[in-house]
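See below for the structure under consideration.
Just so you know, these numbers use all the heavy atoms, side chains as well, and skip hydrogens, waters and symmetry mates. From a predicted model like this one, the values you see are computed outputs, not experimental measurements.
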Amino acid sequence: MSNMNISRGNVVPFSGSAHKDKSRQLQLLADKILERHKQPEDQYEVAALLESMGWNDDRAIKEFGVEDIFELASGIWDSIQNRIVYTPFSRTEKPSFLRSLYETIRTFLRGLIFAVPMAVSVASMLVLKFSLWSYQNLTVEIATSIALATILSFITVGGFTQAIARRGFFYIIQGFYNLARKSTFYFIRLGFLACIIISVLLLLFNFLFNLFSYEMILIIVIYFFFLNSIWLSVTGMYILKKELVFTSLIGLGIFLVYILFKIAGMDIILSQIISLLIVTILSFILVSYFFTKEEKQKEKGIEIKMPRISITLYSVTPYFLYGFLYFLFLFIDRVNAWSTNSDFMPYIIWFRGQYELGLDFALLALIIPMGISEVIVTNLMNDLEASQRGYLAKEIDKKYRFFVRKYYKLLVIILLSAIASSYLVYQLTLWYNKISLLMNDQNILTSDTTRFVLLWGIVSYVMLSVFLMNAVILFSISQPGLVIRTILPAVVLNVVLGFLLSRWFDYSFAVIGLLIGSLFMMVLSTYYVRRVLKNIDYYLYYAS
């Protein structure tokens, strides 16, 4: 500390040996203040801390020659600020190129592999004409039942999967696999309870109002139950990084359907139900086994109590709501399209394969961006962590500008990857059409409806990929409220616009609700992320 004394809020020189004693006293007093409070807000809080330590104006005047305690607090505040600004630090060393490349590929595959089960199912439909829960030649009644069961399962279980992932990752990162297992199976039980309640309500509602035939409602409930079970188990495997195992189980289920349906000659519905049952049982056995194995290897008998259920539920509520709203947004346009009146409408909802086919192919465009998003978000979070040691306090504006520029670069990357993925999907669709024509099979692009839905569906999913990246960033900085503020009005837009346009023009115009909602989420979430990055220190402090 330089030769200084405090006088009237300014720093003036001491003369002779007096400055050493006064400077040392000031340093010791500043140390005591910092012991009481690591980060005082301003000189007024320092003054309050001094008074709590027994200092008053008389003592401040006698020992430091200042006018009052506030002048002393001002000098101590300046001393603390100088310490913060000029404290030396070491820059974070960057990993080697090969190490960075390895981590990038690994992270990309982790993001990509979560979409592999979807790709496996679509590939199975294209090659075998059936998957674990669908079949190309089903009657429209059964197709409607299975489609409704699939949509309802995603919407019902979406919140529970988000809750499982949030709490599971939270405990696993700390090495508490025992708590992760208990938390995961707690939410799985809640998911099953919700599934049973909804199934009973569906049966009761259909009995009172006769919306569907008995065969249809039975198929809806059975597929709904088994698909719920599968989605819950896959989340457990995801947090344990066992996505390949689940993908293998999907492949096994499709193989079992092939054996029972093609070789044994069993009915396709019965074949799928048996296969779904086997896959569900194996999934939960494996999840339990993997948790037990990790517990024994990494916790070494440590037993930690679960927090109160009320605390757990409160902490995951925003994430649960996000999961519910996200899948509602993703599927509500289908409900709008399928519920539009037509010349033949025997039930309140009627499956329209041409619309579904366009969206199924468009959805493939999300696979590559999901892997890219995992990489760039991980990279951004690592940089944010390193920035806490890599920037001086006086460089705060420089840091903010750096991260905003970096975010814009990531935004360009995710958009370009989504556009490239969309182009690839469209070309693969054209190639599949040519193969189908050579084999005298159905050409999926002969329908104007399928082409219209495919085009606007792809555009929607490009914008949705940006929102998903933004959502992960906001979740990583503990800002789920901003994600909810984005997705809730988007759901309303999707519902209202899709409903009106499908009634005013054609049922295929329900996809425009998806389009406008995705555009809204992309723009608003981008605004929120930019706002957060401009005040990143505050949000990181809040998150901690």
Minimum heavy-atom separation for [X] to [Y], with atom names?
X    : Y    : answer
N336 : V495 : ND2-O, 3.3 Å
S508 : Y355 : O-CE1, 3.7 Å
R485 : L524 : O-CD2, 3.9 Å
L533 : F403 : CD1-O, 3.7 Å
R167 : S183 : CB-OG, 3.2 Å
M521 : L464 : CE-CD1, 3.5 Å

Does a side chain donor of either [X] or [Y] reach within less than 3.5 Å of an acceptor in the other side chain?
X    : Y    : answer
N470 : T526 : yes
T292 : R181 : no
S134 : S131 : yes
Y171 : N178 : no

To the closest 0.5 Å, what do you measure between [atom1] ([X]) and [atom2] ([Y])?
X    : Y    : atom1 : atom2 : result
L482 : L474 : CG    : CG    : 5.5 Å
D333 : L359 : CG    : CG    : 5.5 Å
L190 : L232 : CG    : CG    : 10.0 Å
L328 : I487 : CG    : CD1   : 8.5 Å
T280 : L249 : OG1   : CG    : 9.5 Å
L132 : I250 : CG    : CD1   : 5.5 Å

Scan the side chains in residues 412-424 for donor-acceptor partners under 3.5 Å anywhere in the protein, sequence neighbours excluded, and list what turns up.
| unit_1 | atom_1 | unit_2 | atom_2 | d |
| --- | --- | --- | --- | --- |
| S417 | OG | I413 | O | 3.3 |
| S417 | OG | I414 | O | 2.8 |
| S421 | OG | A365 | O | 2.9 |
| S422 | OG | A418 | O | 2.7 |

Heavy-atom count around F284 CZ within 6.0 Å, excluding the residue itself: above 12?
yes
Answer whether the closest heavy-atom distance between the side chains of [X] and [Y] falls below 4.5 Å.
X    : Y    : answer
R308 : I311 : yes
M237 : L240 : no
F185 : V287 : yes
F329 : I155 : no
V279 : S283 : yes
I230 : F246 : yes
I516 : N494 : no
Y461 : I458 : no

Polar side-chain atom of [X] near backbone of [Y] as donor-acceptor pair, under 3.5 Å:
X    : Y    : answer
S525 : M522 : yes
S74  : F70  : no
S288 : I285 : no
N228 : F224 : yes

Test side chain to side chain contact (heavy atoms under 4.5 Å, CB included) on V459 and L515 and set out the steps.
CA-CA 7 Å; V459 175; L515 175 72; 3.7 Å; yes
is_close_aromatic(F361, Y426), centroid dist under 6.0 Å:
no
Do F475 and Y322 have ring centroids that are under 6.0 Å from one another?
yes
Checking Y319 against V483 for the side chain to side chain contact (heavy atoms under 4.5 Å, CB included) test, could you report, in this order, the C-alpha distance in whole Å, the side-chain angles of both residues, the deciding distance, and whether it holds?
CA-CA 9 Å; Y319 303 93; V483 181; over 6 Å; no
Whether R189 engages the ring of Y186 as a cation-pi pair (distance to the six-membered ring centre under 6.0 angstrom, angle to the ring normal within 45°) should be assessed.
no
[X]: what forms a ring-ring contact (aromatic ring centres under 6.0 Å, His included) with it, not counting sequence neighbours?
X    : value
Y407 : none
F499 : none
F154 : W231, F327, F331

Checking F320 against F187 for the ring pair (Phe, Tyr, Trp, His ring centres under 6.0 Å) test, could you report, in this order, the C-alpha distance in whole Å, the side-chain angles of both residues, the deciding distance, and whether it holds?
CA-CA 11 Å; F320 181 93; F187 285 110; 8.1 Å; no
Determine, step by step, whether S229 and S233 satisfy the side chain to side chain contact (heavy atoms under 4.5 Å, CB included) criterion, reporting the C-alpha distance in whole Å, the side-chain angles of both residues, the deciding distance to 0.1 Å, and the verdict.
CA-CA 6 Å; S229 304; S233 65; over 6 Å; no
List the residues meeting salt bridge (Lys or Arg N to Asp or Glu O under 4.0 Å) with R166, not counting sequence neighbours, and say none if there are none.
none
Contacts satisfying salt bridge (Lys or Arg N to Asp or Glu O under 4.0 Å) that involve residues 359-372 (not counting sequence neighbours) are R334-D360
Step by step, would you call W338 with E356 a side chain to side chain contact (heavy atoms under 4.5 Å, CB included)?
CA-CA 9 Å; W338 299 347; E356 178 68 18; 3.2 Å; yes
